[in-house]
There are 2 protein chains.
Amino acid sequence: MDVQRLELLRELADRGSVTAVAAATHRTPSAVSQQLKVLEREAGLPLTQRQGRGLVLTDAGRALARSATDVAVSLAKATALWDEFRNQASGEVSLVTFPTAGQMLLPGVITSLGPDLVLNCADEDPELSDFPAFTAEYDIVLAHSMSGALSWAGRGLTVVPLMTEPLDVGLPVGHPLADRAWVRPSDLIGETWIGVTDGYPFERILHAIEQEAGARLSMSQRFADLALIESFVIAGLGIALVPRYTSGGGQPGRLVLKPLRGVESERQIVALMRPDRAERLAVRTVIQSLQSEAARVQHSQAPQ
Amino acid sequence: MDVQRLELLRELADRGSVTAVAAATHRTPSAVSQQLKVLEREAGLPLTQRQGRGLVLTDAGRALARSATDVAVSLAKATALWDEFRNQASGEVSLVTFPTAGQMLLPGVITSLGPDLVLNCADEDPELSDFPAFTAEYDIVLAHSMSGALSWAGRGLTVVPLMTEPLDVGLPVGHPLADRAWVRPSDLIGETWIGVTDGYPFERILHAIEQEAGARLSMSQRFADLALIESFVIAGLGIALVPRYTSGGGQPGRLVLKPLRGVESERQIVALMRPDRAERLAVRTVIQSLQSEAARVQHSQAPQ
DNA sequence: CTACACAATGTAGCTACGCTACATGGTGCT
DNA sequence: AGCACCATGTAGCGTAGCTACATTGTGTAG
């Protein structure tokens, strides 16, 4: 029973095609196909079956792939253990984030890491892409979800919560609500809103506000970029829902944030990882740094 | 990080010498030495060090070997999983036992196993040898320990309790105590005893009887073989402590067993295994059969 | 104290496993 | 029908890991 082959099966389960596995493991598709064939012969039962021009796993194949994960995890634990004996954490760790989390956490994290540990970061648009799928490409995936809806459960991924960030109501200076300590849904119905692109998670909270207040909100614009939204708010063109810790970065003091009461208004920021990658010492080190950085941000920044 | 090499390290931890590992894995000592060298180079720190003409593990080596066990376990789980998908349990399982347990359990177990599963049994004298050490050679080791003193804990072995067998007082027919329902330590002090060889576990119970009764027992003979002891008892030459379920096999009705009250008088019969071996489907099947056979014996045999 | 036995480890060479490069056979899309 | 794409065969190569044999170092017996 060969571990390499099991690993290949697991990659196939994650990536869905022989070609993708080959690319990810720096091999030719032919090599992958041959190894899977050998594995199947050893197993004595079909692990894959053709579907169209692609290949999908059978039930047996999926089950084997799942236990292949356990093997990978224990192997990763072993290498992590000996990393602890030898040097400190070293090597490369790759990470994707959605823009605001990266802006908030990554600079602090990278400066806190030793010189032997290089962190390769990238950003992706949060809603355009399937974030869990990135765990195949990146060691760490920073994702956000609305409270409660932990959509990444059950996929066999390791989920580490980093922070819950409140979503406040952003107002221009001098707005009638700007001297309140907090606002309620009913305060907001007359306002002009700068909304987010359809499908963005904030959307749900806006709906909740409408439901709570019993009236529809008037949505004048719809943007994806937060800085753009903020500039509109500052310009007095409307108000918007903005994450507390990542707002007003460009123009401090010109945007007023008010906590929203009456509806649950926050997002969970989490790190997603393949279970085996999560065991690597270097990865664990980055995760710890992310956690402490998140805690620092949460303590230092208070609502205005 | 190669699993084969980790496995070799683990074998070295278990067996203590390169030559033994080589013999166990069907390789030349040179091959083992080379692989360990490579592993050490990869690890970047010494895993072994010479001691005399032999080789012992360093702390780091032991730690790595321990986590190598986890890898082996998850690998074994994977193969077991797919065995469940395919045929039923098949293959070979090796087992050592001490004589009485084998006599009591093995015939029933072997007849209960399917034709695809062959169980290779052997027996060893219980006290002459270190039973846990046999887990390197055999898949399953049947061992017994006195109650409480679970001497096999903490060695990283999987322990499955099979039964607790009471140790009764064996009497010849017509003995003054033979019509009692049970006996106490104080009843036994006048008697002539047929003892067990020094160091046998029953010894402890005899000491407990002496302590409880406040007098020494007179020990006329000391034997290792149970059948021999019984024949002496039947001949009226003394009384003895005998395990309830394995006594009187040869000459039924001529030996009377009386439960002993006032001292804890029983032995634990357990199965010992390497954790990875314990995961194999064939091994688990044998263990289950052992357990049900033990339960059957315990139910069918009652004290006379 | 020399000689032998035994354990680990080097060296040379062979085998076989797993890769690449290229060709082939299906399947979906235009 | 033609093209693009994916999986998979085949031939051949490189190398990892084995054996056989030699070497070194350490206990043990005569």
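Just so you know, these numbers use all the heavy atoms, side chains as well, and skip hydrogens, waters and symmetry mates. Just so it is clear: chains get the letters A, B, ... in the order the sequence lines come, proteins before strands, and each one is counted from 1.
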>> I'd like to know whether B:Val71 forms a side-chain contact (heavy atoms from CB on, under 4.5 Å) with B:Arg10, so could you lay out the CA-CA distance, the side-chain angles of the two residues, the decisive distance to 0.1 Å, and finally the verdict.
In response: CA-CA 10 Å; B:Val71 176; B:Arg10 192 168 73 92; over 6 Å; no

side-chain contact (heavy atoms from CB on, under 4.5 Å) involving [X] - partner list, sequence neighbours excluded:
{"X": "B:Met1", "value": "A:Leu75, A:Thr79, A:Trp82, B:Leu6, B:Leu39, B:Glu42"}
{"X": "A:Gln51", "value": "A:Val56"}
{"X": "B:Ile110", "value": "B:Leu119, B:Cys121"}
{"X": "B:Arg15", "value": "B:Glu11, B:Ala20, B:Val21, B:Ala24, B:Ala136, B:Glu137, B:Arg274, B:Arg277"}

> Mind checking what makes side chain to side chain donor-acceptor pair (under 3.5 Å) contact with A:Arg62, not counting sequence neighbours?
Replying inline: A:Asp59

>> Please enumerate all residues that pass side chain to side chain donor-acceptor pair (under 3.5 Å) together with B:Arg280, with sequence neighbours excluded.
In response: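 Result, side chain to side chain donor-acceptor pair (under 3.5 Å) vs B:Arg280: B:Asp139.
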
> Through what angle, rounded to 10 degrees, does the axis of the helix from C:dC1-D:dG30 to C:dT30-D:dA1 turn between its ends, using five pairs per end?
Replying inline: 20°

> Between C:dG10 atom P and B:Glu40 atom CD, what is the distance in whole Å?
Replying inline: 11 Å

> Could you give the CG-to-C1' distance, from B:Leu39 to D:dA16, as a whole number of Å?
Replying inline: 15 Å

Interface polar pairs with nucleotides 3-5 of chain D, N/O, under 3.5 angstrom:
{"from": "D:dC5", "atom 1": "O4'", "to": "A:Arg53", "atom 2": "NH1", "distance (Å)": "3.4"}

> Which pairs, with at least one residue in residues 67-76 of chain A and sequence neighbours excluded, count as a salt bridge (charged side-chain N to carboxylate O under 4.0 Å, His left out)?
Replying inline: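 Matches after skipping sequence neighbours: none remain.
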
> Going by the salt bridge (charged side-chain N to carboxylate O under 4.0 Å, His left out) test, which pairs reach into residues 78-96 of chain A, not counting sequence neighbours?
Replying inline: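 Those involving residues 78-96 of chain A are A:Asp83-A:Arg86, A:Glu84-A:Arg284.
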
> Tell me, for nucleotides 13-25 of chain C in 5' to 3' order, what letter each nucleotide earns: B for a base near a protein heavy atom under 4.0 Å, S for only sugar-phosphate near one, - for neither?
Replying inline: -----SBBB----

> Considering only heavy atoms from C-beta outward, does the side chain of A:Leu57 approach that of A:Leu47 to under 4.5 Å?
Replying inline: no

Give, for atom [atom1] of [X] and atom [atom2] of [Y], the distance between the pair rounded to the nearest 0.5 Å.
{"X": "A:Lys77", "Y": "B:Arg66", "atom1": "NZ", "atom2": "CZ", "answer": "14.0 Å"}
{"X": "B:Gln221", "Y": "B:Leu228", "atom1": "CD", "atom2": "CG", "answer": "9.0 Å"}
{"X": "A:Thr69", "Y": "A:Leu157", "atom1": "OG1", "atom2": "CG", "answer": "9.5 Å"}

> What parts of residues 11-25 of chain B reach DNA chain C, counting only heavy atoms under 4.0 Å away?
Replying inline: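 B:Ser17, B:Val18, B:Thr19, in order of number.
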
> Is the shortest side-chain N/O distance from B:Lys37 to OP1 or OP2 of C:dA8 below 4.0 Å?
Replying inline: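 Checking B:Lys37 against C:dA8: no side-chain N or O falls below 4.0 Å of OP1 or OP2.
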
